> 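Got a structure here, written out as structure tokens. Questions coming.
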Amino acid sequence: MTQKVTVPTITAMKGGKEKITMLTAYDTPFARILDEAGVDMLLVGDSVGSVVAGYPNTLPVTIEEMIYHTRAVVRGVTRSLVVIDMPFMSYQVSSEDAKRNAGRMIKESGAEAVKLEGGVNMREAINAIAAIDIPVMGHIGLTPQSVHQMGGYKVQGKVEEQKRKIMADALAVEEAGAFALVMECIPTELAAEITKKLSIPTIGIGAGIHCDGQVLVIHDVLGLLGEFRPKFVKRYVDMRAVISQAATAYVDEVRTGKFPTEEQTFHL
Ligand code: KIV
């Protein structure tokens, strides 16, 4: 087995020749495949709400749902570092809440780090969690839990005032004690500037090539979500078509009596 990826492994990859790879995972079979493929970090994102559970956004996701999916992912992993997303309202109210919920999520799920959204406004929560030795990954730029405030899923940091805010968020996350930072949907020039300024690794999603690593939602990578595709997504395979073909063939074979055959049949 190649060496287990730990938090120090990830921080040591900052600025290195090899970029950090991260994908989302929500269950054991996918986790096993991605772990075996050599993905450095598996993120059990609260995107599970929209991608798997069919919610309109990530806001309804609960701590219990996150723990359930993360336990499944952890059971499929031998090498990757598993990161669990803290869902909406599990860390925003107080530092006490943030610590208690982060602790519970690590204890009950088996994940090795938590991720939460926000910059300057969440520095106390990040600091409180990091101070009890739970590794925290930050997430700035487009933060999906703020969808209503942002008025939709839009690129952030295109105008000067937003740029300054995002830079301040990045610095606040690092100063608060996060070990890595996800930057979502920001211009590549700003992501490059932040990556240069920070001593912790940056992981981009729609943030261009200059980040220390990249993350995507696995269902986007596999083409499982239909025709809509954000600009930053690269679809590596059209699994929706593959699954649809298999299901159509099954339906046809059952209806016409071609399945099961002798090969799938038991005898006395
Ligand atoms: O929930 C999630 O999947 C995420 C990634 C998009 C970074 O936060």
Side-chain angles (χ1 to χ4, degrees), residues 10 19-27 30-31 34 39-63 65-70 72-73 80-92 102 105 109 111 113-119 122 125-126 135-147 150 152-157 166 169-170 173 178-186 191 194-195 200-208 211-222 224-225 228-235:
I10 298 300
K19 300 267 186 175
I20 300 163
T21 57
M22 180 157 105
L23 283 170
T24 65
Y26 314 108
D27 61 30
F30 273 76
L34 302 181
V39 180
D40 298 315
M41 289 193 278
L42 293 187
L43 169 67
V44 189
D46 60 354
S47 52
V48 68
S50 19
V51 169
V52 176
Y55 298 147
N57 50 50
T58 59
L59 303 185
V61 176
T62 64
I63 291 180
E65 286 169 328
M66 289 308 304
I67 290 173
Y68 171 82
H69 284 282
T70 307
V73 166
S80 310
L81 183 83
V82 178
V83 182
I84 183 171
D85 241 347
M86 296 193 71
F88 180 56
M89 292 312 284
S90 67
Y91 57 93
Q92 288 93 340
M105 291 172 74
S109 73
V114 299
K115 176 169 84 59
L116 60 84
E117 297 179 10
M122 286 301 137
I126 295 171
V136 186
M137 180 178 281
H139 182 161
I140 62 167
L142 194 173
T143 46
Q145 291 177 18
S146 312
V147 58
M150 291 178 168
Y153 301 104
K154 301 172 181 165
V155 178
Q156 304 293 308
I166 291 171
D169 282 340
V173 168
F179 78 97
L181 175 64
V182 168
M183 304 192 294
E184 180 164 352
C185 282
I186 63 170
I194 294 173
T195 300
I200 57 172
T202 58
I203 314 290
I205 173 164
C211 306
D212 297 302
Q214 297 290 328
V215 58
L216 282 176
V217 168
I218 186 63
H219 285 55
D220 283 331
V221 171
L222 300 181
L224 281 164
L225 296 179
F228 173 72
R229 188 184 334 170
K231 178 177 164 67
F232 59 82
V233 166
K234 180 167 178 187
R235 183 179 287 176

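Because the structure is a prediction, the values reported are computed rather than measured. Position 1 is the first residue of the sequence, and the numbers go up from there. Numbering of ligands and ligand atoms starts at 1, following listing order.
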> Rounded to the nearest 0.5 Å, how far does CG of Asp85 lie from CD1 of Ile63?
12.0 Å
> Do the non-hydrogen side-chain atoms of Lys231 and Val155 ever get within less than 4.5 Å of each other?
no
> Measure Val48 to ligand 1 on non-hydrogen atoms and call it side chain, backbone, both or neither using the 4.0 Å cut-off.
neither
> What protein heavy atom lies closest to atom 4 (C) of ligand 1? Include the residue and the distance to one decimal.
Leu43 CD2, 3.6 Å
> Should the pair Tyr26 and His69 be assigned to parallel (<30°), tilted (30 to 60°) or perpendicular (>60°) ring geometry?
perpendicular
> For Ile205, take its heavy atoms, then give the atoms of ligand 1 lying under 4.0 Å from any of them.
6 (C)
> List ligand 1 atoms under 4.0 Å from Gly45, heavy atoms only on the residue side.
1 (O), 2 (C), 3 (O)
> How long is the span from the CD1 atom in Ile186 to the CD1 atom in Ile205, to the nearest 0.5 Å?
12.0 Å
> Do ligand 1 and Asp85 have nitrogen or oxygen atoms that lie under 3.5 Å from each other?
yes
> Output yes when a side-chain donor or acceptor of Asp40 lies under 3.5 Å from a complementary backbone atom of Met22, and no otherwise.
no
> Mark up the atoms of ligand 1 that fall under 4.0 Å of a heavy atom belonging to Thr24, in ascending order.
3 (O)
> Using a 4.0 Å cutoff against the non-hydrogen atoms of His139, which atoms of ligand 1 qualify?
8 (O)
> If you have a sec, work out which protein heavy atom is nearest atom 8 (O) of ligand 1 and how many Å separate them, to one decimal?
Lys115 NZ, 2.9 Å
> Would Met22 count as a contact of ligand 1 if the rule is a heavy atom under 4.0 Å away?
no
> Among all protein heavy atoms, pick the one closest to atom 3 (O) of ligand 1 and tell me residue, atom and distance.
Ser47 OG, 2.5 Å
> So, the side chain of Thr58 versus the backbone of Asp46: is there a donor-acceptor pair under 3.5 Å, distance only?
no
> So, does Lys19 use its side chain to make a donor-acceptor pair with the main chain of Cys211 at under 3.5 Å?
yes
> Does any N/O atom on Asp46 come nearer than 3.5 Å to any N/O atom on ligand 1?
yes
> Write down the atom of Ile126, the atom of Leu116, and the distance for their closest heavy-atom approach.
CG1-CD1, 3.6 Å
> Applying a heavy-atom cut-off of 4.0 Å, say which part of Thr58 lies close to ligand 1: side chain, backbone, both or neither.
neither
> Just so I know, are the side chains of Pro144 and Glu117 near enough to count as touching, which here means a heavy-atom distance under 4.5 Å?
yes
> Tell me whether Glu184 has any N or O atom under 3.5 angstrom from an N or O of ligand 1.
no
